[in-house]
Amino acid sequence: MTPSAASATRSSRVDLRGALLVMGAACCYALSVVFAKGAYAMDVAVATLTLWRFAIGAVIFWALVAVRRPARVSRRTVLTCIGLGAIGYAVQALTYFGAVAVMDAGLAALLVYTYPAIIALIGFLTRREPPTRRRIVALACSGAGMLLLLGLGGFTSVSGVGISLALTAGVTYAVYTIVASSLPVEADVSLLMAVVATSALGSVALFTMVTGQPFGLEADPVVLGWVLTYVLVGTVLAMLLHQRGITRVGASTGGIISSVEPLVAAAAVALVYGETMTPVQVVGGMVILVGVVVVQLPQRRPRRIPEQLRPAARAGRADRTAAHRAEVPVGALSGSGPS
């Protein structure tokens, strides 16, 4: 999605600063559920909080655009960003934080983190990606982890509405990621996110009006504090840190590092609100995260010899093999290979 893929291949060592930036972003995203639950406790509706999230976020991103003055993007890119915001980001935010409002936040975050396996499944179904062993393992881990999280089919202690909302958020985020990967890498991120946030704001405003939820917030310093912290830390700061970090470590490494997000979210809500998961659910969450890591590990590709050099390479290999066999006993060749 960014020039990160190229930067990731330049060195086999992970950029420490980039890794810390991505980890910081993941922690900010994780803490957003703590701030959201604090706002919910002050009777702020889910749609109202999401509305202010995108309203403040859009203002900040457009301010960055005004300062940076990036190059214009194509009409197709603008339309793609409008769709990503109005449908993808808006639905994902409403369903995810709707799930957080009715169930344990750590459990909701882990269910949403099935999205890498959902991306792989979509690739299988649309025949865009082959069913490799790694992707099959990731799917199996996500399925097994979900069963453990949800009590092997016994949903009596888990909100059915919350499960539906969290899984909808995971599917929506998977589709969002697939579509967003088609955006041009040279486009300015602040401009793209400004369009996405503004489009999401329009959809959430319409949803808020249709459902009859309030647009405004109480003039209470505590309420305003929860909302502003939620927006500034859990949205703006998180997105800026993630973007800066992902360009240094690459998408695959960044995805692996970001898997700390549901763990931090679960730990934070347990510390602040006393929410806990059973040992079986903890194991299920770890199994899901194993799948996340497996599906995003960079694949090792064999070095390819340019087409024009292949005949010479084959001839040279044949000459070396013949000479080697003339000098070394056959039994000594069993452990040898091309250098």
Can you give the donor-acceptor pairs under 3.5 Å from side chains of residues 200-210 to other protein atoms, not counting sequence neighbours?
{"residue": "Ser203", "atom": "OG", "partner": "Ala86", "partner atom": "O", "Å": "2.6"}
{"residue": "Thr208", "atom": "OG1", "partner": "Val204", "partner atom": "O", "Å": "2.7"}

**OP:** Might you point out which heavy atoms bring Cys81 and Val196 nearest each other, and give the distance in Å?
**Re:** O-CG2, 3.6 Å
**OP:** Answer yes or no: is there a side-chain heavy-atom contact under 4.5 Å between Leu192 and Phe61?
**Re:** no
**OP:** In sequence, state the C-alpha distance, the side-chain angles, and the governing distance for Leu31 and Tyr230, and then conclude on side-chain contact (heavy atoms from CB on, under 4.5 Å).
**Re:** CA-CA 8 Å; Leu31 291 176; Tyr230 166 76; over 6 Å; no
**OP:** Following the transitive rule for hydrophobic clusters with a side-chain heavy-atom cut-off under 4.5 Å over Ile, Leu, Val, Met, Phe, Trp and Tyr, establish whether Val34 and Met103 coincide in one cluster.
**Re:** yes
Subject >> Any donor-acceptor N/O pair, Thr229 side chain to Trp226 backbone, under 3.5 Å >> reply: no
Original post:
Taking a hydrophobic cluster as the set of Ile, Leu, Val, Met, Phe, Trp and Tyr residues connected by side-chain heavy atoms closer than 4.5 Å, whether directly or through intermediates, do Leu237 and Leu21 fall within one such cluster?
Top reply: yes
**OP:** Nearest 0.5 Å please: distance from the CG atom of Leu224 over to the CD atom of Glu218.
**Re:** 9.0 Å
Subject >> Which atom of Ile163 lies closest to which atom of Leu111, heavy atoms considered >> reply: CA-CD1, 4.4 Å
Original post:
So among Val33, Val46, Thr172, Val91, which one has a side-chain contact (heavy atoms from CB on, under 4.5 Å) with Tyr96?
Top reply: Val33
Subject >> Euclidean distance, Leu49 CG relative to Met42 CE, rounded to 0.5 Å >> reply: 13.0 Å
**OP:** May I ask you to check whether Tyr89 and Phe54 place their ring centers less than 6.0 Å from one another?
**Re:** yes
Original post:
Quick one: CG on Leu110 to CG on Leu263, what's the gap to the nearest 0.5 Å?
Top reply: 7.0 Å
Original post:
Under a 4.5 Å cut-off applied to non-hydrogen side-chain atoms, are Arg72 and Val78 in contact?
Top reply: no
**OP:** Take atom CD1 of Ile87 as the centre, draw a 6.0 Å sphere, and report whether it contains more than 12 heavy atoms from other residues, nucleotides or ligands.
**Re:** no
Original post:
Among Leu107, Val100, Val102, which residue meets the side-chain contact (heavy atoms from CB on, under 4.5 Å) test with Asp104?
Top reply: Leu107
Original post:
Would you call the rings of Tyr115 and Tyr113 parallel, tilted or perpendicular if under 30° counts as parallel and over 60° as perpendicular?
Top reply: perpendicular
Original post:
Is there side-chain contact between Thr235 and Ser32, with at least one heavy-atom pair below 4.5 Å?
Top reply: no
**OP:** Determine, using the 4.5 Å side-chain heavy-atom cutoff (strictly less than), whether Ile118 and Val179 are members of one ILVMFWY cluster.
**Re:** yes
**OP:** Could you tell me the separation between the CG atom of Asp188 and the CE atom of Met193, rounded to the nearest 0.5 Å?
**Re:** 11.5 Å
Original post:
Would Val231 and Val59 show up in the same hydrophobic cluster when neighbours are defined by side-chain heavy atoms closer than 4.5 Å?
Top reply: no
Original post:
For the residue pair Ala47 and Leu94, what are the closest heavy atoms and their distance?
Top reply: CA-CD2, 4.1 Å
Original post:
If every non-hydrogen atom of Ala238 is compared with every non-hydrogen atom of Cys28, which pair is closest and at what distance?
Top reply: CB-CB, 3.7 Å
Original post:
Side chains of Trp52 and Leu217: closer than 4.5 Å at any heavy-atom pair?
Top reply: yes
Subject >> Heavy-atom closest pair, residues Gly106 and Val269 >> reply: N-CG2, 4.1 Å
**OP:** Answer whether the closest heavy-atom distance between the side chains of Ile60 and Leu232 falls below 4.5 Å.
**Re:** yes
Subject >> Atom pair OG1 (Thr177) and CD1 (Ile122), whose distance is rounded to the nearest 0.5 Å >> reply: 9.0 Å
Original post:
Does a side-chain heavy-atom distance below 4.5 Å link Tyr273 with Lys37?
Top reply: yes
Original post:
Which residue pairs pass the ring-ring contact (aromatic ring centres under 6.0 Å, His included) test when at least one of the two sits in residues 20-45, sequence neighbours left out?
Top reply: none
Original post:
Heavy atoms, side chains only, cut-off 4.5 Å: are Val73 and Leu183 in contact?
Top reply: no
Subject >> From Leu51 atom CG to Ile56 atom CD1, the distance as rounded to the nearest 0.5 Å >> reply: 9.5 Å
**OP:** Work out which heavy atom in Arg53 is nearest to a heavy atom in Ala93; give both atom names and the distance.
**Re:** NH1-CB, 3.6 Å
